[in-house]
There are 2 protein chains.
Amino acid sequence: MALSEKKRALIEKIGVHFEFKGMQPLFGRIIGLMLVHERAEVTFEEIVDELNVSKSAVSNALTFLQATGKVAYHTKPGDRKRYFHLPMKDFTSDMEKELMEIVKFEEVLEEVLVERGETNADFNCSLKEFLNFIKFIKMEIPVLIEKYKRQKGL
Amino acid sequence: MALSEKKRALIEKIGVHFEFKGMQPLFGRIIGLMLVHERAEVTFEEIVDELNVSKSAVSNALTFLQATGKVAYHTKPGDRKRYFHLPMKDFTSDMEKELMEIVKFEEVLEEVLVERGETNADFNCSLKEFLNFIKFIKMEIPVLIEKYKRQKGL
DNA sequence: ATTTTGGTTCTGTAATTACAGAATTAAAGA
DNA sequence: TCTTTAATTCTGTAATTACAGAACCAAAAT
């Protein structure tokens with residue numbers, strides 16, 4: 001396909017984005033390739049060629065990305081190759097999960113509060129205040145998403 | 001102070017939580033120690049003793065945690081030690097930053113959409129739909145936080 | 001039957017991470 | 001002034017990460 005320089009740059013940018021989330025660099029770049037790719041789907045071989053990485057690295061990456069639901073593949077009749085792509089429909093729920101992951105800190109802090117007892121009224125008070133905030137956000141995020149769905153559904 | 005077993009377990013749990021966010025294990029455990037500590041503040045020495053780590057590790061950790069605004073210290077008259085603690089007031093804005101960090105993916109995807117051109121109507125459509133979703137969340141999160149503040153302010 | 005294609009698995013390694021330990025410094029106390 | 005205390009900085013290293021490369025395997029094509 002011969003990717004443009006701009007697209008190659010974007011792949012790297014997307015790679016860095018996912019690396020920041022704790023993923024291996026290549027994993028994110030594969031996602032990037034699928035995003036910028038004209039067909040929005042790539043074969044094993046295309047990944048190897050376009051990203052200049054080894055087959056083993058691609059194999060491991062695809063195994064991981066499929067296991068975590070980030071990537072799926074489909075086949076074409078009379079073609080042995082797998083066509084890997086991003087299940088875009090899952091992106092919204094992925095985003096919701098990510099948001100909820102952040103507010104999961106609430107559970108730990110709740111335990112902290114119990115364990116602290118009545119030892120330090122001032123600090124306990126700040127802690128409770130922050131807990132109230134997280135609990136609020138935790139409750140409102142699903143409401144927000146519901147609101148979006150309803151708004152879109154009409 | 002002799003921390004309880006439960007508190008020690010909590011410190012580890014908090015450590016893992018922050019490790020998941022990309023921090024070094026020790027960094028999270030220091031935050032954990034401050035959270036469960038009776039005084040909610042600890043000296044350099046206490047960190048070394050309670051967590052059984054080297055001074056160098058603690059020094060590096062505190063430098064990083066202070067540089068990123070996760071930890072601050074104050075001093076006491078006639079006492080050379082620094083008392084490190086969590087600036088709880090900043091927790092709320094930290095959480096907001098974290099939430100907004102997630103939806104930063106929007107900016108990259110916007111570039112992707114531009115670069116893709118009119119090459120694949122189907123995929124571009126799913127991409128646009130997801131972009132609408134992120135943009136909605138991105139707009140509503142500050143609104144949500146404003147709502148919380150107002151509600152609390154009364 | 002054997003060669004090719006598409007992909008996996010195993011082994012090794014350069015680079016990075018997450019510390020420990022020792023030497024060092026800077027300020028306060030004796 | 002010399003020592004102690006509080007913390008930093010430098011050096012080294014065990015463990016982990018993120019791959020490459022080669023061997024391998026299974027299904028399909030010849």
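In what follows, chains carry the letters A, B, and so on, assigned in the order in which the sequence lines appear, proteins first and then strands, with residues in each chain numbered from 1. Note that the structure is predicted; figures quoted are calculated from it, not measured.
- Taking a cutoff of 4.0 Å between a charged side-chain nitrogen and a carboxylate oxygen, B/Glu140 and B/Lys147 do not qualify as a salt bridge.
- A/Arg82 has a side-chain polar atom (N or O) that falls below the 4.0 Å cut-off from OP1 or OP2 of C/dT8.
- The side chain of B/Glu45 lies closest to D/dA6, out of C/dC19, C/dA20, D/dA6.
- Test B/His85, B/Glu41, B/Arg82 against B/His74 for side chain to side chain donor-acceptor pair (under 3.5 Å) and you get one pass: B/Glu41.
- With the nearest nucleotide of DNA chain D identified for both A/Gly78 and A/Met23, A/Met23 has the one nearer the 5' end.
- Distance A/Gln66 CD to C/dG6 P: 17 Å, rounded to the nearest Å.
- Residue-level contact check: B/Val58 touches neither bases nor backbone, having no heavy atom under 4.0 Å from any strand.
- Comparing atom distances between the A/Arg80 side chain and each of C/dG21, C/dT4, C/dT8 picks out C/dT4 as nearest.
- Across the protein-nucleic acid pair, B/Lys76 atom NZ and D/dA6 atom C1' stand 16 Å apart, rounded to whole Å.
- Distances from the side chain of A/Ser56 to the nucleotides D/dA22, C/dA18, D/dT8 place D/dA22 closest.
- The nearest whole Å value for the distance from the CZ atom in A/Phe44 to the P atom in C/dT4 is 20 Å.
- Within 4.0 Å of A/Lys81, counting heavy atoms only, lie sugar-phosphate atoms of the nucleic acid but no base atom.
- Atom CG in B/Asp49 sits roughly 13 Å away from atom P in C/dA20 (whole-Å rounding).
- Residue A/Leu62 contributes atom CG, which lies 15 Å from atom C1' of D/dC19 at whole-angstrom precision.
- Residue A/Arg29 places no side-chain N or O under 4.0 Å from the OP1 or OP2 atom of D/dA18.
- With rounding to the nearest 0.5 Å, the separation of CD1 in B/Ile31 from CD1 in B/Ile11 is 12.0 Å.
- At whole-Å resolution of the value, CG in A/Leu51 and C1' in D/dA18 are 15 Å apart.
- Under the 6.0 Å cut-off for aromatic ring centres, A/Phe27 and A/Phe64 qualify, their centroids lying closer than that.
- When ring centroids are compared, A/Tyr83 and A/Tyr73 stay outside the 6.0 Å threshold.
- For the pair A/Lys55 NZ and C/dT8 C1', the computed distance is 9 Å after rounding to whole Å.
- In this structure, of C/dC19, D/dT8, D/dC19, it is D/dT8 that holds the atom nearest to the side chain of B/Ser59.
- Listed candidates were C/dG6, C/dA22, D/dA18. Nearest to the side chain of A/Pro25 is D/dA18.
- For the pair A/Leu65 CG and C/dT8 P, the computed distance is 12 Å after rounding to whole Å.
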